[in-house]
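Chain A is the first sequence line, chain B the second, and so forth, proteins listed ahead of strands; every chain is numbered from 1.
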Amino acid sequence: MSDTSERTDDAIDTLVSSEYAAGFVTDIETETFPPGLDESVVRAISAKKEEPAWMTEWRLEAYRGWRAMTPPRWAHVHFPEIDFESISYFAAPRGDKPASLDEVDPELLRTYDRLGIPLHEQAMLAGVEGAGRTPVAVDAVFDSVSIATTFKEQLKDAGVVFCSMAEAVREHPELVQRYLGTVVPRSDNFYAALNSAVFSDGSFVYVPKGTRCPMELSTYFRINAENTGQFERTLIIADEGASVSYLEGCTAPMRDENQLHAAVVELVALGDADIKYSTVQNWYPGDDEGRGGIYNFVTKRGACLGARSKISWTQVETGSAITWKYPSVVLRGEGSVGEFYSVALTNNLQQADTGTKMIHMAPNTKSTIISKGISAGRSQNTYRGLVRTAPNAHGARNYTQCDSLLIGDQCGAHTFPYIESRQPSAVVEHEATTSKVSDDQLFLCRQRGIDAEKAVAMIVGGFCKDVFRELPMEFAVEAGKLLEVSLEGAVG
Amino acid sequence: MPLLDIEDLHVQVEDQVILGGVHLTVAPGEVHAVMGPNGSGKSTLANVVAGRPGYEVLRGTVRLAGEDITQASPEERALLGLFLAFQYPIEIPGVSNMEFLKAAIDSHALARGEGAPSAAAFIRRARATAERLGLDAGFLKRGVNEGFSGGEKKRNEILQMLLLEPRIAILDETDSGLDVDAMQVVAAGVNDFRDTGNAVVLVTHYQRLLDYIVPDHVHVLAGGNIIRSGDRTLAELLDRDGYSWIEDAC
Ligand SMILES: Nc1ncnc2c1ncn2[C@@H]1O[C@H](COP(=O)(O)OP(=O)(O)OP(=O)(O)O)[C@@H](O)[C@H]1O
Ligand SMILES: [Mg+2]
């Protein structure tokens with residue numbers, strides 16, 4: 001082959017093997033539980049969070065259930081058995097929880113600065129962080145605790161509760177007791193049970209009747225400590241006619257060991273309520289030999305309880321060594337709507353088995369699934385989806401589109417769409433395509449002066465367009481950049 | 001100094017020698033037409049000059065304004081002012097024509113040491129140029145070549161040429177598949193583009209295009225070599241007699 005084709009390969013190599021910018025470690029004194037899990041550990045976590053007895057009991061019951069369960073093995077992912085006794089189940093910066101932002105350890109503030117997460121309300125309001133940006137309220141979770149939640153006062157004026165889960169258990173026990181575990185029961189699956197027993201912090205949102213949340217809410221999860229698992233728990237409730245848009249971001253340092261992240265997210269939409277949940281998942285993916293990285297085993301589910309309610313999941317998954325997650329919607333309200341928009345990119349030795357479940361339990365319910373899988377390097381990327389229509393789901397409709405894009409010829413893309421229809425009038429449509437970033441496309445771009453790296457990122461961006469446009473504006477830009485970085489070295 | 005200077009170019013594709021010692025010299029201000037039967041190596045020549053991967057250059061050199069570009073990457077050649085209008089323009093789904101053009105123009109500006117044009121200035125210029133080629137504004141928002149008709153694809157190539165202002169433009173059968181009106185629009189675009197500082201190489205099968213864009217030189221490529229060169233009358237001859245005489249010539 002000529003020189004020029006080698007050059008293409010080189011360019012593509014550097015392109016797909018970019019640096020993981022969030023891979024630094026924050027040097028801060030941490031209190032970490034010794035590894036291992038038993039009832040006393042569950043009690044100790046509960047005590048750390050100053051929880052009421054009912055919460056401790058709830059956890060213990062989950063723990064006992066978990067002990068009797070085994071990890072799921074049906075996903076198209078391969079990894080050595082996890083030793084749950086070698087993981088520490090709690091880690092937090094030492095000292096009391098800061099009462100206000102001023103009291104937060106400057107080292108932690110610097111960490112979030114470096115990650116580009118604004119925790120300074122003043123600065124944001126004054127537009128210092130970037131003129132013209134609308135403020136976004138942030139809950140910053142560092143290892144097992146929430147260290148700060150911004151804009152709480154402004155949100156309170158609107159009647160919106162936005163706080164850490166730990167605080168919600170103390171301050172809003174009636175809401176937590178009423179909804180926690182109703183969408184994802186403790187016995188739902190192995191990792192959900194584990195999470196229910198040991199969950200650390202996460203965010204709690206309640207938007208009251210008829211209220212449109214005045215700003216975007218977001219939670220930023222950061223794993224910092226070594227050998228710890230992160231088990232956050234998020235619960236979002238939109239009361240009748242309420243609406244909220246919520247964003248979630250996550251990163252972790254580069255380490256040679258795998259770390260477990262087993263979160264549970266529950267969304268509840270009452271009549272005419274609308275929840276939009278967006279994720280940009282950028283957990284450390286491991287190095288190009290497949291060493292290290294996060295095991296991202298997550299249960300996310302929403303329940304459209306009320307008529308005409310709507311839940312929309314948008315996810316951009318570029319990180320983690322292994323991703324196992326299926327953000328789903330149970331459509332119980334008549335005419336309710338579920339959506340799932342997903343971009344999952346795997347490179348090097350990453351593995352992703354992701355998709356959604358749309359469970360139609362009421363008449364005239366609608367769901368849309370748009371999944372874009374991009375595989376590069378030697379990675380494996382699987383879409384797994386279920387569309388089920390119950391006997392009473394007259395007039396239910398689903399549209400599913402699954403597109404796979406391959407970069408290079410050593411990666412794999414797999415699609416498993418399951419359809420269970422018990423209602424003859426339901427309409428379930430499925431479309432799937434597989435394509436490659438072709439040499440001809442690359443050559444066209446390069447002939448126009450666009451280098452190979454930029455060209456691949458542009459082609460992949462075009463492939464993901466239908467999902468990106470569902471993201472809030474700033475996230476869309478972020479996601480585009482992230483894609484570019486995650487693709488480094490991808491084309492060979 | 002010639003703008004394009006191809007010297008003794010030997011090219012092999014998958015164990016098959018396609019070009020066996022091509023010479024071609026193009027001076028500023030000139031239009032050259034390259035003609036020849038199907039499969040004679042015209043597109044191969046155009047692609048190799050543009051640096052397309054997959055071709056093995058066995059021998060010879062390609063110079064652009066005196067600079068040896070035989071080993072240069074496609075983007076280096078493009079940024080030095082070489083443009084190739086593709087015989088079969090390919091689609092890039094989801095990437096808007098606008099985004100694509102802006103990225104191309106920005107990297108050209110950068111290579112010249114200039115700043116990228118403002119979005120507003122770029123859009124104004126792109127719209128005006130598209131309009132000249134009979135392409136409406138919505139066209140710029142569509143995915144690159146996505147669902148374009150054959151004629152639209154070819155006009156889109158000319159649009160890119162006009163926006164990038166190369167020093168040497170190689171148009172590989174840009175006239176194929178165009179109706180008479182479109183051919184005139186494309187020819188007008190090329191004639192507007194021409195000046196004393198740049199040059200055009202037209203790969204074509206038809207005399208008709210050459211009625212609108214008058215070549216200074218006409219070459220016949222056959223069996224991997226330029227077997228005959230002449231002025232525009234050579235094209236007229238080919239149009240009348242076809243290539244039957246080649247066998248005697250080879
Ligand atoms: N990538 C390739 N692999 C194998 N053979 C090739 C390749 N590219 C070109 N060829 C062969 O080289 C020869 C010349 O092809 P080329 O496309 O250059 O012809 P052309 O003169 O442009 O023909 P046309 O007038 O039909 O466009 C043909 O026999 C073709 O099959
Ligand atoms: Mg050809």
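The greatest number of non-hydrogen atom pairs below 4.5 Å with chain A, out of B/Ser107, B/Pro89, B/Ser96, is found for B/Ser107. Ranking A/Gln441, A/Gln447, A/Met458, A/Arg448 against chain B, the residue ahead of the rest is A/Arg448, based on heavy-atom pairs under 4.5 Å.
When heavy atoms are compared at a cutoff of 4.5 Å, A/Cys464 does not approach chain B at all. The contact between B/Leu82 and chain A is made by backbone and side chain atoms together, counting heavy-atom distances below 4.5 Å. Residue contact with chain B, scored on non-hydrogen atoms closer than 4.5 Å, involves the side chain of A/Ser438 exclusively. Proximity to chain B (any heavy atom under 4.5 Å) is shown, for A/Asp451, by both the backbone and the side chain. Proximity to chain A (any heavy atom under 4.5 Å) is shown, for B/Tyr88, by neither the backbone nor the side chain. Only the backbone of B/Glu91 comes within contact range of chain A, with at least one heavy atom under 4.5 Å from a heavy atom of that chain. For B/Leu164, the part lying near chain A is the side chain, with the backbone staying farther off; criterion is any non-hydrogen pair under 4.5 Å.
Residues A/Tyr341 and A/Asp466 bring no donor and acceptor atom of their side chains to less than 3.5 Å of each other. Side chains of B/Gln12 and B/Tyr55: no donor on one and acceptor on the other come within 3.5 Å. A donor and an acceptor atom, one from each side chain of B/Asp68 and B/Thr61, are nowhere located under 3.5 Å apart. No side-chain donor-acceptor contact under 3.5 Å links B/Asp172 and B/Thr174. Side-chain contact of A/Gln350 with A/Ser379: a donor-acceptor pair under 3.5 Å is absent, judged by distance alone.
Cation-pi geometry between A/Lys372 and A/Phe463 is met: under 6.0 angstrom from the ring centre, within 45 degrees of the axis.
In summary, A/Glu339 and A/Lys310 engage in a salt bridge, as defined by a charged side-chain N under 4.0 Å from a carboxylate O.
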